[in-house]
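See structure below.
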Amino acid sequence: MTDIAIRARQEDIAFQEKLYNDPNPTRRGLHRARREWIENHLRFYVAAGSKVIEVGVGCGVFTRFLSDLGASTIAVDINQSFLDGVAGLRGVSVRNADATQGLGCEDRDLVLCSEVLEHVPPSQSQEMLMQLAKALRPGGTLILTTPQRFATVELVARLFKFRPVLAVARMIYGTAEELGHTNLLTKRELKRQIFKTGLQIKEERIFGFYLPVLAEFGGGIGARVLKYAGQVISRIPIVRGLIWTQAYVLSKPTQS
């Protein structure tokens, strides 16, 4: 592997890891809340020997968690550097593949797909969900998370495609990045696609509220205010679309 390739791999993984250890308490909390929700559900649905597919490995935080649970996991990603970061973990095999083209296996107990769907071309969104459903055994579980289309985080991030805005944001906040999300769905849009897969919604939740000034300069107090505000807003239909993450536990019906 060349020095350039090694550096690219390290930068890819470091960026993902930073999300969970951001010095800003609000930004850190947004990602840790999602991680905690997913890990709690993995503990419930995954036992030693469970057959799992993780689609979208990132820095490998969930791959390592699944390994610790004793699952037999196939880690799928189109970014080889992410796969290299988890290769060799106990019970984990890696597969460089495009999940919209099929996962190459079926009869899995659980599929995990966290923060991947928003990176898929909109024209392939439905097909990817169909492939995830196809990989499950009857009665199997899909854990799925993706941002809401009109979440405040996403609305702010869209402004960063304008370079002057991005430059000003970096000057004010220190760090600011485009998210690269090309397939943002509302809950209604995503549920319509879920319905076409035949999967059933067992549980759903939204969480993670962000306001730029309060989030960036409010410190720990600001983070607590935003967490409480998010809990309130999530119960109000007209504004709940401002919450960042939509999370689902989906089940494949058993055959009669």
Side-chain angles (χ1 to χ4, degrees), residues 1 9 12-13 16-17 19-20 31-32 34-120 124-125 127-146 194 197-205 245 247-256:
M1 183 180 294
R9 168 186 166 181
D12 282 344
I13 296 174
Q16 292 284 326
E17 290 176 338
L19 300 177
Y20 300 103
H31 295 286
R32 288 189 176 183
R34 181 178 63 250
R35 183 180 70 182
E36 181 179 336
W37 185 89
I38 291 171
E39 289 181 348
N40 285 340
H41 285 78
L42 290 177
R43 287 191 189 95
F44 183 80
Y45 286 102
V46 176
S50 292
K51 295 185 294 184
V52 176
I53 298 176
E54 181 187 10
V55 177
V57 173
C59 66
V61 61
F62 299 123
T63 322
R64 291 179 176 83
F65 191 81
L66 287 165
S67 178
D68 291 341
L69 290 176
S72 175
T73 304
I74 300 174
V76 178
D77 207 297
I78 60 173
N79 187 329
Q80 185 61 43
S81 65
F82 292 153
L83 297 175
D84 292 342
V86 300
L89 289 175
R90 180 173 62 91
V92 174
S93 60
V94 299
R95 182 172 299 172
N96 189 311
D98 180 351
T100 66
Q101 303 300 314
L103 297 173
C105 54
E106 299 180 353
D107 201 35
R108 302 290 107 177
D109 299 305
L110 183 137
V111 173
L112 171 62
C113 183
S114 176
E115 307 306 284
V116 177
L117 196 60
E118 63 271 21
H119 297 285
V120 173
Q124 296 177 285
S125 179
E127 181 58 30
M128 179 171 174
L129 289 172
M130 297 293 260
Q131 294 297 336
L132 300 182
K134 182 180 178 181
L136 288 170
R137 64 167 174 78
T141 300
L142 169 59
I143 295 178
L144 174 71
T145 76
T146 192
I194 290 171
T197 68
L199 297 175
Q200 298 174 342
I201 298 176
K202 294 183 62 177
E203 182 181 342
E204 60 181 289
R205 187 182 169 191
T245 299
Y248 298 87
V249 177
L250 308 173
S251 178
K252 187 170 185 176
T254 56
Q255 298 174 341
S256 57

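Just so you know, these numbers use all the heavy atoms, side chains as well, and skip hydrogens, waters and symmetry mates.
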Heavy-atom side-chain contact between [X] and [Y] under 4.5 Å:
{"X": "Leu42", "Y": "Leu66", "result": "yes"}
{"X": "Phe65", "Y": "Ile38", "result": "no"}
{"X": "Glu39", "Y": "Val61", "result": "yes"}
{"X": "Ser125", "Y": "Leu117", "result": "yes"}
{"X": "Val55", "Y": "Gln131", "result": "no"}
{"X": "Gln101", "Y": "Gln124", "result": "yes"}
{"X": "Phe62", "Y": "Val86", "result": "no"}
{"X": "Cys105", "Y": "Ile53", "result": "yes"}

Is there a donor-acceptor pair under 3.5 Å between the side chain of Arg90 and the backbone N or O of Ser67? yes

If we ignore hydrogens and angles and just use 3.5 Å, is the side chain of Asp77 paired with the main-chain N or O of Phe82 as donor and acceptor? no

Over all heavy atoms of both residues, which pair between [X] and [Y] is shortest? Give the atoms and the distance, please.
{"X": "Val92", "Y": "Ala75", "result": "CG1-CB, 4.2 Å"}
{"X": "Ile74", "Y": "Arg108", "result": "CD1-NH1, 3.8 Å"}
{"X": "Ala99", "Y": "Met128", "result": "CB-CE, 4.1 Å"}
{"X": "Glu115", "Y": "Thr145", "result": "OE2-OG1, 2.6 Å"}
{"X": "Cys113", "Y": "Val116", "result": "SG-CB, 3.7 Å"}

Step-by-step side-chain hydrogen bond (donor to acceptor under 3.5 Å, both in side chains) determination, Glu127 to Thr100: CA-CA 6 Å; Glu127 181 58 30; Thr100 66; over 6 Å; no

Taking atom [atom1] of [X] and atom [atom2] of [Y], what is their separation to the nearest 0.5 Å?
{"X": "Arg35", "Y": "Asn40", "atom1": "CZ", "atom2": "CG", "value": "11.0 Å"}
{"X": "Asp84", "Y": "Asn79", "atom1": "CG", "atom2": "CG", "value": "8.5 Å"}
{"X": "Leu112", "Y": "His41", "atom1": "CG", "atom2": "NE2", "value": "12.0 Å"}
{"X": "Leu110", "Y": "Ile143", "atom1": "CG", "atom2": "CD1", "value": "4.5 Å"}
{"X": "Glu203", "Y": "Phe44", "atom1": "CD", "atom2": "CZ", "value": "9.0 Å"}
{"X": "Thr245", "Y": "Trp37", "atom1": "OG1", "atom2": "CH2", "value": "10.0 Å"}

Can you name the side chain to side chain donor-acceptor pair (under 3.5 Å) partners of Thr141, sequence neighbours left out? none

Using a cut-off of 6.0 Å, state whether more than 12 heavy atoms not belonging to Gln80 lie near its atom CD. yes

Tell me whether the count of non-hydrogen atoms from other residues, nucleotides or ligands lying under 6.0 Å of CD1 in Ile78 goes above 12. no

Side chain to side chain contact (heavy atoms under 4.5 Å, CB included) between Leu144 and Leu129, worked out: CA-CA 10 Å; Leu144 174 71; Leu129 289 172; 4.1 Å; yes

By the salt bridge (Lys or Arg N to Asp or Glu O under 4.0 Å) test, which pairs, at least two apart or in different chains, include something from residues 134-145? Asp109-Arg137

In short, salt bridge (Lys or Arg N to Asp or Glu O under 4.0 Å) pairs touching residues 43-58 with sequence neighbours left out are Lys51-Asp107

How about Gln200 and Ser251: does a side-chain donor come under 3.5 Å of a side-chain acceptor? no

When you look at Leu136 and Leu199, which way does the side chain to side chain contact (heavy atoms under 4.5 Å, CB included) test go after all the steps? CA-CA 10 Å; Leu136 288 170; Leu199 297 175; 4.2 Å; yes

